[in-house]
Amino acid sequence: MESYFLGLDPLTLEERFDVEAAELRLAELGIRRDLDAVVEKIGLLRIVGRIEEAQDAASGALRQARFEADREQLARVRVARAQVHRAANRLDQASSEFTDIIVEASAHGWSAVEADALHERALIHVALDRIDPARDDLNAALVILIRDHATPVAIDSTMLAIGTLLERASAAESSTAATASA
């Protein structure tokens, strides 16, 4: 799905995607039912705004993964499902799922899964205006991405997000200090 990811909006930190390319890829996948294809479909359905279909696909993928996948693949499916929860504005449910995934991925050394879950949980913190926890999650994700030689897009977008959060925190501190001295 990385080829559809265009980075983060510098102001809102919302993910930006090439929706047309996502629609084309969704059509290419057609009725494929292998777990990798289903997980990709979940993300694509989320990107194009077909949240209910994404939720149904995520539920099916979770059942499929429990029967035929290893635990790391199951964790990846759980990330995809939690992303759908976030997109559907079920933030508490998504945050709880991401936290569980982070703990499990960290314990088992699944660094890519851990970085994805940290990044996604950071977006929830941003949506809830919890800047410090968001920055902490993004910093942890960045360490993993750099250590694992992730793509430049993933590293750059994470660094951009951290910089944006630092600017927000600084602006909030300046505003608070100006109000207190007035």
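Just so you know, these numbers come straight off a predicted model, no measurement behind them. All heavy atoms count here, side chains included; hydrogens, waters and symmetry mates do not.
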Exercise. Does any non-hydrogen side-chain atom of W110 lie less than 4.5 Å from one of R76?
Worked result: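 R76 vs W110: side chains apart.
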*Does some side-chain heavy atom of T158 sit less than 4.5 Å from a side-chain heavy atom of D156?*
no
- prompt: Just by distance, with hydrogens left out, do Q55 and R90 show a side-chain donor and acceptor under 3.5 Å apart?
  reply: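 Side chains of Q55 and R90: pair found under 3.5 Å.
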Checklist entry - What do you reckon, is CG of D92 surrounded by more than 12 foreign heavy atoms closer than 6.0 Å? => result no
Only one of [options] forms a side chain to side chain contact (heavy atoms under 4.5 Å, CB included) with [X], so which one is it?
| X | options | value |
| --- | --- | --- |
| I162 | T164, L166, L160, L165 | L166 |
| V126 | R168, E14, R135 | R168 |
| L118 | I102, T99, L138 | I102 |

For the [atom1] atom of [X] and the [atom2] atom of [Y], what is their distance to the nearest 0.5 Å?
| X | Y | atom1 | atom2 | answer |
| --- | --- | --- | --- | --- |
| R121 | D116 | CZ | CG | 13.5 Å |
| E72 | H108 | CD | NE2 | 10.0 Å |
| I42 | L45 | CD1 | CG | 8.0 Å |
| L142 | R147 | CG | CZ | 11.5 Å |
| E53 | L44 | CD | CG | 12.0 Å |
| R16 | I47 | CZ | CD1 | 13.0 Å |

Do you know which two heavy atoms are closest between [X] and [Y], and how far apart they sit?
| X | Y | value |
| --- | --- | --- |
| A115 | L145 | CB-CD2, 4.2 Å |
| Q64 | D34 | NE2-C, 4.0 Å |
| A112 | D148 | N-OD2, 4.2 Å |
| V38 | R33 | CG2-O, 3.6 Å |
| F98 | Q83 | CZ-N, 3.7 Å |
| A75 | I101 | O-CD1, 4.2 Å |

Salt-bridge test for [X] and [Y]: reply yes if a basic N is under 4.0 Å from a carboxylate O, no otherwise.
| X | Y | answer |
| --- | --- | --- |
| E40 | R32 | no |
| R78 | E104 | yes |
| E15 | R86 | yes |

[X] and [Y]: same hydrophobic cluster, using ILVMFWY side-chain contacts below 4.5 Å?
| X | Y | value |
| --- | --- | --- |
| V79 | I51 | no |
| L13 | M159 | yes |
| L62 | L35 | yes |
| V48 | L29 | yes |
| V153 | V19 | yes |

If only atom types and distance count, is the side chain of K41 paired as donor or acceptor with the main-chain N or O of G30 below 3.5 Å? yes
- Side-chain donor or acceptor of S157 paired with backbone N/O of A154 under 3.5 Å: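 Side chain of S157 to backbone of A154: a pair is present.
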Using side chain to side chain contact (heavy atoms under 4.5 Å, CB included), reason through D137 and H119 one step at a time and then give a plain yes or no.
CA-CA 6 Å; D137 279 353; H119 179 265; over 6 Å; no
- Tell me, with the steps shown, if L128 and I124 meet side chain to side chain contact (heavy atoms under 4.5 Å, CB included). CA-CA 6 Å; L128 297 172; I124 293 170; 4.0 Å; yes
